[in-house]
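Some notes on the structure that comes next.
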Amino acid sequence: MNVLEGLNEAQATAVNVVKGPLLILAGAGSGKTKTLTHRIAHLIANEAIWPNQILAVTFTNKAAKEMRERLGRLLDQDGSRRDFMPWMGTFHSMCVRLLRQDGQAINISRNFVIYDEDDRQSLIKQAMKQLGVVDREMKPSQLSGIISHSKNQMIDPDEFEASASYPYQKNVAKIYRQYEQMRNDAKALDFDDLLLEGVRLLRDAPDVRAKWRSHFKHILIDEYQDTNAAQYQIVKLLINEDQNICVVGDDWQSIYSWRGADFTNILNFEKDFPGAVVVKLEQNYRSSGNILAAAANVIEKNTQRTDKQLWTAKGPGSPVQVHGVYDEAEEARMVGERIATHVQIKARNYGDFAVLYRTNAQSYTLERAFLQLRIPYQLVGGIRFYDRKEIKDVIAYLRLLYQPNDRMSFTRIANVPVRGVGATSLEKFLNWQSEHGFDIITALVHIENTQVVTGKAKSGLSALGRTLKLLQLKVETSTPAELIEAVITMTGYKDYILDGSPQAEDREANIGSLLSDAQTFTDLPDFLEEAALMSSADTSSDGQKVTLMTLHAAKGLEFPVVFIIGMEEGIIPHARVFEASPADLEEERRLAYVGMTRAREELHLSYAYSRLQFGQRTYNPLSRFISDMGDQITLTHSQLGIMGQKQTDEPFYSDEIGLEVGDGVRSAVFGIGEVIDVEGMAVTINFSNGQTKKLNAEYAHLEKL
DNA sequence: TCATTTAACGTTTTT
DNA sequence: CGTTAAATGA
C-alpha cells in the first residue's frame, strides 16, 4: 500500500517524518484530516507500530469516528472494530478510560458517573439550598462558569477562599466547596474534573504515568490550537523520551478561548519541543478563489496570528454574495427560497447546503420558514439528543443502578413517574439516608421498617426500592439495551410517557432511538460514558437535508453552498465583545473566518435592517467584517432591506440577466448549451447533450460564452 | 401532593 | 418572543 498516494509535497513530508516532534500548521481546507489519517496508516503499515500504541486525540467524538472510518478504509480494515484501531477520541473520553482503569491509584471510585453541564447546575442549586443561600444575584449558571474557570486554573475551594476578598466571592467559595463535597459523595466527576483528575493521575501516580508513557509510542493531536491548560499538561505528562508527538492546528481557527483554550500552545510548540519539524499546509482544496480571498481579507485584520498564504488551484468561482433584507423573517425566507430553487432545477441537493448562525436562538426563524416552504432540514446542536427529558430520565435510572450514591439522578427520578413523593418527603428521606450511610437503593429498601416518611410517600419509595433492587441484579448480566427495556417496563415509565398527549409519539420514538443506540454497547459504563460525552455537534449528518448549525459547530465541516445569516454588528461580531478586550473581537473575526471557509463553491452572507431580539425590535448596522472583505463580494438587497441604508444606488434584485436567444452558455450541471428562449428570469436552454431545460437564471449559475 | 396560573428570565459559542 | 421556574389554589 502506498500511503503517499494523492498527497502533495507538504502533506507527504508530514506523513514521512516519523521520529521526533512535528508541528503541522494546516490552513482551512488544506487536507488536514487526510494527512493525519495517512500518517497513522503509514505508522501502522510501514513502521511496525501497533494500532493501540498510537493515541490520536480529536476535538469531537464525531471527528474521531470519521477518522476511524477513513483509516479503516485506508488499511482495508473494519473501521468499527475498535480493537484494530488506535486510541481515538477527545481528551475527555481518553481521560475517562485512564481513570476507569487506573483511577483507584488516586482514590477515584471505579464506577464514577459523569455530570454534564445541566447536572452541574442542578447540583449547584442543591448546594445553595443546603447552605441556605438566598441571594437572588447568585445564579447557578454563573456559578457554574466561575467553578469551571477555577478548575481549569487548578484553583481548589481552599485557594479560592484564600484569595476571596469580597463577601460575594466568599459566598462563591462556600458554594464551590459544598458543590465539590456533594459531587464527591455522589461519586461523580464533572467535565472539568475529567481533565483535572487525568492530570492528577498522571502526575501523582508515577507507576501509572510510566505505564502509559511507554505504552504510547506515538501521540497525535488534532485542533491543537484549542487545547487548554489541563490538556496541555496531559500531553506533557504522556510524552516519553522519544518525543513522537505530532500536533495539527491552525491559530486562525481558534474559537474556543472562552472555554479556556489557549492558542499560544500552538505558537509555543517549537519552544516546548526543541528540534520540532514544522510543516505548513497552505494549498486549499476546498473553496474557490473569491471565497478564499474574501476570508483572507477578514482574517488579515487580526494582529495576533501567524502568517500564512493560502492559495487554491481552483478558479475564482462566483463572488461572495451579500444580501440585505428587511428582517429576520425575510432573511429566513430568502435563504429558503434560494435553496428551494436550486433544488428544483436539479442543480443541487438539499444536502449541499448549510446555514450558519452565531447563536442557537437564530435557528428558530429558519425552522419556521423551512417548515412552511417544506424544505427538509437537520438541526445540529441546540438541544442534544441526550438532553431530552425522557432520555435524561432513563439515563438517570441507569446511572442510579450503576452508582447508587448518585443523589442527583435519584432526585430526578424519585417521583417520575408520579408515585406520591413530594419535595418534603424526599428531603426527609435523603436526610435519613445520608445519616445512616446507606446507599440510596439500600436505603429505599429499608424505608419500610421506619417512620421517616409516611403514607403515600412511604409506599411509593419502598416500591421503588424493590424495583431498583431487582433491576440492580440485572446490571451485571444484561446488555444496556435489555436494561433500558427492563427499566421502562418495571418502573412504569413506559406507561408514564404514553399519556395520550401529542408529544407521546415523539417521546416513544426518542426512547426507541436510545434503545437502538444502546444496542451497540455491551456494558453499561461504556454506554453511560457515551451518553455523557456525546456532544450536540456529534449527531451524524443526513445527506438529503439542509444543515442548520452555529458557526462553532461548523468547524471542520464543508459544504458546496454556505449561508451565513445575521452579518450585523452585535451578532457577528457579538455585542458581548464590544465592552470586552480586543482579543475577544479577534476571536469573533476568527469565527467569521471559520464560517466563510466552510464554503466550497458559493458563499452567501445576509444582514437584516431590523431584527427581533429578546422580543424587542433592534436595528443593527452592517457587520464590519463585510466591509473588510474587499471587492470579492456583490451586494444585493430586497426593496424592504434597502430601508435604513444610506446608499441607495446599489442594484435591487436585478432583472438584467445578460442573456439573449442564441447565446452560448455553460452550466456547471448540464454542460454547454444554447439559449433558445428568455422569459424574464426563466431561460430555456438546449444543451449539447440533447437535454432542453428551463432554468432560473438568477440561481442556475450560468456562464455566458 | 398536584395542577394550573403567573412571573421572570434569557441569548454566545460546548467537551 | 418563548420557555421555564416559582407561586398559588384545589
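Just so it is clear: chains get the letters A, B, ... in the order the sequence lines come, proteins before strands, and each one is counted from 1. Predicted model only: the values in this text are computed from it and were never measured.
- The side-chain contact (heavy atoms from CB on, under 4.5 Å) test applied to K129(A) returns no partner, not counting sequence neighbours.
- Applying the side-chain contact (heavy atoms from CB on, under 4.5 Å) test to P480(A) and every residue at least two apart in sequence or in another chain returns A518(A), F521(A), F527(A).
- If you check every strand for non-hydrogen atoms under 4.0 Å, Y256(A) touches sugar and phosphate atoms only.
- Taking the side chain of K139(A) as heavy atoms from C-beta on, and the options dG10(B), dT1(B), dT14(B), the nearest nucleotide is dG10(B).
- In this structure, the ring pair (Phe, Tyr, Trp, His ring centres under 6.0 Å) partners of F59(A), at least two apart in sequence or on a different chain, are Y256(A).
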Produce the list of close N/O pairs, under 3.5 Å, pairing protein atoms with atoms of nucleotides 1-4 of chain C; give distances to one decimal.
residue	atom	partner	partner atom	Å
dG2(C)	OP1	Y364(A)	OH	3.2

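- Remark: P of dT14(B) and NE2 of H149(A) are 18 Å apart, rounded to the nearest angstrom.
- Both R259(A) and K456(A) lie close to DNA chain B; mapped to their nearest nucleotides by heavy-atom distance, the more 5′-ward contact belongs to K456(A).
- Position along DNA chain B of the nearest nucleotide to R576(A) versus R419(A) favours R419(A) as the more 5'-ward residue.
- In this structure, N415(A) reaches the sugar-phosphate backbone alone: every heavy-atom distance under 4.0 Å involves primed, P, OP1 or OP2 atoms, never a base.
- Aromatic ring centres of F91(A) and Y232(A): separated by at least 6.0 Å.
- For Y609(A) and Y619(A), the ring centers sit closer than 6.0 Å to each other.
- Contacts of K301(A) classified as side-chain contact (heavy atoms from CB on, under 4.5 Å), with partners at least two apart in sequence or in another chain: R589(A), D628(A).
- Using the six-membered ring where Trp is involved, F429(A) and F410(A) have ring planes that are tilted, between 30° and 60° apart.
- Note on S93(A): nothing from the nucleic acid sits closer than 4.0 angstrom, heavy atoms only.
- Listed pair T550(A) / dT14(B) meets the phosphate criterion, a side-chain N or O lying under 4.0 Å from OP1 or OP2.
- The nearest whole Å value for the distance from the CD atom in Q121(A) to the C1' atom in dC9(B) is 13 Å.
- The separation between M88(A) atom CE and dT15(B) atom P is 19 Å, rounded to whole Å.
- Ranking dT15(B), dT11(B), dT13(B) by closeness to the H552(A) side chain, first place goes to dT13(B).
- Heavy atoms of H92(A) sit under 4.0 angstrom from at least one base atom.
- The nearest whole Å value for the distance from the CG atom in N61(A) to the C1' atom in dT15(B) is 8 Å.
- Rounding to whole angstrom units, CD of residue Q126(A) and P of dA5(C) are separated by 14 Å.
- With centres under 5.5 Å and a plane angle under 30° as the test, the ring of F59(A) is not stacked against the base of dT15(B).
- Every residue two or more places apart in sequence or in another chain that forms a side-chain contact (heavy atoms from CB on, under 4.5 Å) with D156(A) is listed here: D158(A), E159(A).
- In this structure, NZ of K62(A) is placed 13 Å from P of dT14(B), rounded to the nearest angstrom.
- In this structure, the NE2 atom of H574(A) is 14 Å from the P atom of dG10(B), given to the nearest Å.
- Residue N360(A) has a polar side-chain atom (N or O) positioned under 4.0 Å from OP1 or OP2 of dT13(B).
- Within the 4.0 angstrom heavy-atom criterion, only backbone atoms of the sugar-phosphate kind lie near V418(A); the bases stay farther away.
- The interatomic distance linking L585(A) (CG) with dT13(B) (C1') rounds to 15 Å, in whole Å.
- The side chain of S425(A) contributes an N or O atom lying less than 4.0 Å from OP1 or OP2 of dT1(B).
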